[in-house]
There are 4 protein chains.
Amino acid sequence: MDTPQPRSLKEKQRQERELLILQVAEDVLLEKGYRDTSMDEIAARVGIAKGTLYLHFAKKEDLMLAFFEREMVGILTCLKKIYATHQSVQSRLEKFVKTIYSDPKERRGHLMYIFINSDDFTMTVKHQAQPIFAEIVQEVSALLDEGKANGEFDTLIPTPLMTTSFFSLLSPRTYRSLIERGYDPKEIMRYSLGIYFRGIGGQFSFATEQQS
Amino acid sequence: MDTPQPRSLKEKQRQERELLILQVAEDVLLEKGYRDTSMDEIAARVGIAKGTLYLHFAKKEDLMLAFFEREMVGILTCLKKIYATHQSVQSRLEKFVKTIYSDPKERRGHLMYIFINSDDFTMTVKHQAQPIFAEIVQEVSALLDEGKANGEFDTLIPTPLMTTSFFSLLSPRTYRSLIERGYDPKEIMRYSLGIYFRGIGGQFSFATEQQS
Amino acid sequence: MDTPQPRSLKEKQRQERELLILQVAEDVLLEKGYRDTSMDEIAARVGIAKGTLYLHFAKKEDLMLAFFEREMVGILTCLKKIYATHQSVQSRLEKFVKTIYSDPKERRGHLMYIFINSDDFTMTVKHQAQPIFAEIVQEVSALLDEGKANGEFDTLIPTPLMTTSFFSLLSPRTYRSLIERGYDPKEIMRYSLGIYFRGIGGQFSFATEQQS
Amino acid sequence: MDTPQPRSLKEKQRQERELLILQVAEDVLLEKGYRDTSMDEIAARVGIAKGTLYLHFAKKEDLMLAFFEREMVGILTCLKKIYATHQSVQSRLEKFVKTIYSDPKERRGHLMYIFINSDDFTMTVKHQAQPIFAEIVQEVSALLDEGKANGEFDTLIPTPLMTTSFFSLLSPRTYRSLIERGYDPKEIMRYSLGIYFRGIGGQFSFATEQQS
DNA sequence: AATGAATGAGACTTCATTCAT
DNA sequence: GATGAATGAAGTCTCATTCAT
């Protein structure tokens, strides 16, 4: 605390760069997958030396973990914000998914899927990120329980099953294949959500929005 | 034909060995993912020398492809057998999924999921296996269309969306997490199918089987 | 000697096969060079199993050595036959070279060059084949000495130098490059010999044959 | 330009290292031939790790190519320098050969021979180095043509044949065998050149220098 | 005797990680 | 702090040689 300003200046630069690294790591991860993401490429794209990467993150795993956490914190924040809303549970979950998927190229949604479903990545990294991961799952579970309690969803389906189904909704690969066939992201979203919510006992009319 | 026994004996051993390799490759693939599956490890687990692996498969990719095809041919056969049955489309698809997942550790089901959803694996191998892959997807699509035609499923949902949802049903990772929490494989299966079929407009009572 | 006929029958077959192996080895060696000549390919081209190759030759080196000796014995025989002729030394040496190069694709000539000049091959093999190699060199040296003695060649040039120059006459590579440019094998031969013999003090008219 | 010294220092070291690698590659190539030259051995002899080699040259072929070009550029430069001299063509070509062979162990001369005559090496590498290779051949051809025009050499011998003969003059293998027998490098050179130049119609007295 | 499946040393190459500058 | 050259373990694949049948 004896040198607060200079430190915070340096510190600010440092954090900006760290952010940049995380963003680049995200880019590369989404493009190439975990194993084909090399530290060399990340450093090159960020425009720093490889060694500098290691000043921020001691291991590739740590970078990926930090990156994962950054994303997951964002998702969790979004989830909590929506959680506090006064709407039906279904509306809130729909809102959540749509928000997650509303960034360019649906990065956040795909990342969430990868974190939860990918082996390559998950095996190496996730066991270290249990807490936040558990919190996200917990939050969604709580919402689903609320939905069961207020009659929106089917009470016969165990919540954990509802939850895992929720997170399996949209695999990036199949998503991409649909995009390639010319489907509109919003349409894909709507139908996927529709299948899910009707499946767990919610109300969903595929016709309605089509008519309006 | 002059030396039928000796040749078939050798050949039998060869095929047994090849089968063993494919099984081990499957094990390792399921445990570690495509990129972390090394030829060294496969050879070591099979108990043969590295070079021997290459007598059976000229490249890692070839092994993975052979292995993929073996599994997918099995799945396709199963699918066609069931396709010819006289039952509701839903029953047939349920039967299909249950059959696929009925082997120990649900390997086939998980593999199908990986083949369809994994990037690592798919990018390297699937382009070579397009035909069979496309056939499986086509077969399921046809069934879903039949279901739409006979009133079982919602005609407002585009078939490709129904199809991709179908193949996203059970990610191995979430499946495993449910198993770890003590859920019964059959139960997981039933609820997942239930959510899916109700989601696409089919009939499904989560209560019924519970009562019987 | 107790079973002379059967043994000689078997033995004959054996020798025929050995001859075939040597011929195939020659083919492959000339096509691909020593290091790219694999035992697999030789066996496959001969139409026998790899193991059978090893019944004839304990090591790749041995095969190459045997093959080298076969060729060199042929060349030596040819050389001795010509040696005994009653002609000028130059005529005899010319005859020798033309004979060596008179087989299809000039195999023997190229092989002689390779044996004498190639590093790859020679380092591995030649030290084992000293005797015959030395004999060929000796024979040529003797002829050159005879030529020096009877006034055909320049006595100021040390015989060993004349000899090595003689064996460096036609490298397969440059030979091939000339063929590719459309030169006639006989023409190449004539000019090369001409340069050499004139070089060592012999008589050679490049014009003569052209005119006739 | 803001950091000229540090950059040039690093760069200098780098180039020194690269030079060292090229020299070692040359050593090993001359000792063992192309196919028996392993990246491991080069690294070990240079005293660096295998990976470091790949910082300088992305592939074995690239190293060999770079090395080839370095040598050939040297030879070409030397050739052009001599070309511009005012002397008889024969004197200039003699000067060229003597210069090429004047380094310790006659490395350059042997390398030139290998580049032009070795299959192993040439097949892999030379097609990438055509331009410089062609230029060297062209330069020598031009000199020989000049010699034919001014009456030094026999006009009846086609220039391409003169050229290939020129490059076949001294095979490293036979050269070494002469050295082993106690001949002096200069003597070998003189006689070989003598045979060649007399052979193509030039003037050469084996006696002269002997007397002086 | 003949086979060819099996072996394993060794080649090339990549990349996460370290460390002297 | 920042750099990027250096490292070396690990991965894929080849091929001479052996050996059970």
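Each chain gets a letter, A, B and so on, in the order the sequences are listed, and its residues count up from 1. All values below come from the heavy atoms of this structure, side chains included, with hydrogens, waters and symmetry mates left out.
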- Any donor-acceptor N/O pair under 3.5 Å between dG10(E) base and Lys50(B) side chain: yes

Touch class at under 4.0 angstrom, heavy-atom based, for [X] against every strand present:
X        : answer
Leu55(A) : base
Lys60(D) : sugar-phosphate
Arg17(D) : sugar-phosphate

- Message: I want to check something: taking the side chain as every heavy atom from C-beta on, are Leu22(D) and Phe57(D) in contact at a cut-off of under 4.5 Å?
- Response: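 A side-chain contact exists here, since the closest heavy-atom pair is under 4.5 Å.
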
Figure out the [atom1]/[atom2] separation between [X] and [N], and round it to whole Å.
X        : N       : atom1 : atom2 : answer
Asp36(A) : dG11(F) : CG    : P     : 15 Å
Glu18(C) : dA2(E)  : CD    : P     : 11 Å
Met39(D) : dA11(E) : CE    : C1'   : 11 Å
Leu63(B) : dC13(F) : CG    : C1'   : 14 Å
Asp40(A) : dT3(F)  : CG    : C1'   : 13 Å
Ile21(A) : dG1(F)  : CD1   : P     : 12 Å
Glu41(B) : dC13(F) : CD    : P     : 16 Å
Asp62(D) : dC12(E) : CG    : P     : 13 Å

- Query: Is the ring centre of Phe133(C) less than 6.0 Å from the ring centre of Phe115(C)?
  - Reply: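 Not close enough - the centres of the two rings lie 6.0 Å or further apart.
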
- Is the side chain of Lys32(B) donor-acceptor paired with the backbone N or O of Ser38(B) at a distance under 3.5 Å, no angle test?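 Checking the backbone N and O of Ser38(B) against the side chain of Lys32(B), no donor-acceptor pair under 3.5 Å is found.
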
- Task: To the nearest 0.5 Å, tell me how far Lys105(B) NZ sits from Leu30(B) CG.
- Result: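 Here the rounded value is 9.0 Å.
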
- Drop me the distance from Leu111(C)'s CG to Met72(C)'s CE, to the nearest 0.5 angstrom.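 Here the rounded value is 7.0 Å.
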
- In terms of side-chain heavy atoms of Ala49(B), which of dT7(E), dT13(E), dC13(F) is nearest?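 Minimum distance to the Ala49(B) side chain belongs to dT7(E).
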
- Query: Within less than 4.0 Å of OP1 or OP2 of dT3(E), is there a side-chain N or O belonging to Thr52(C)?
  - Reply: yes

- According to a strict under-4.0 Å criterion, is His56(B) in side-chain N/O contact with OP1 or OP2 of dA6(E)?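 Yes, within the criterion.
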
- So what's dT21(E) paired with, Watson-Crick or G-U wobble, going by both distances under 3.5 Å? dA2(F)

- Message: On DNA chain E, compare the nucleotides closest to Ile48(B) and Tyr54(D); which residue's is nearer the 5' end?
- Response: Ile48(B)

- Item | Contact nearer the 5' end of DNA chain F, comparing Ser38(B) with Gly47(A) |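 That would be Gly47(A).
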
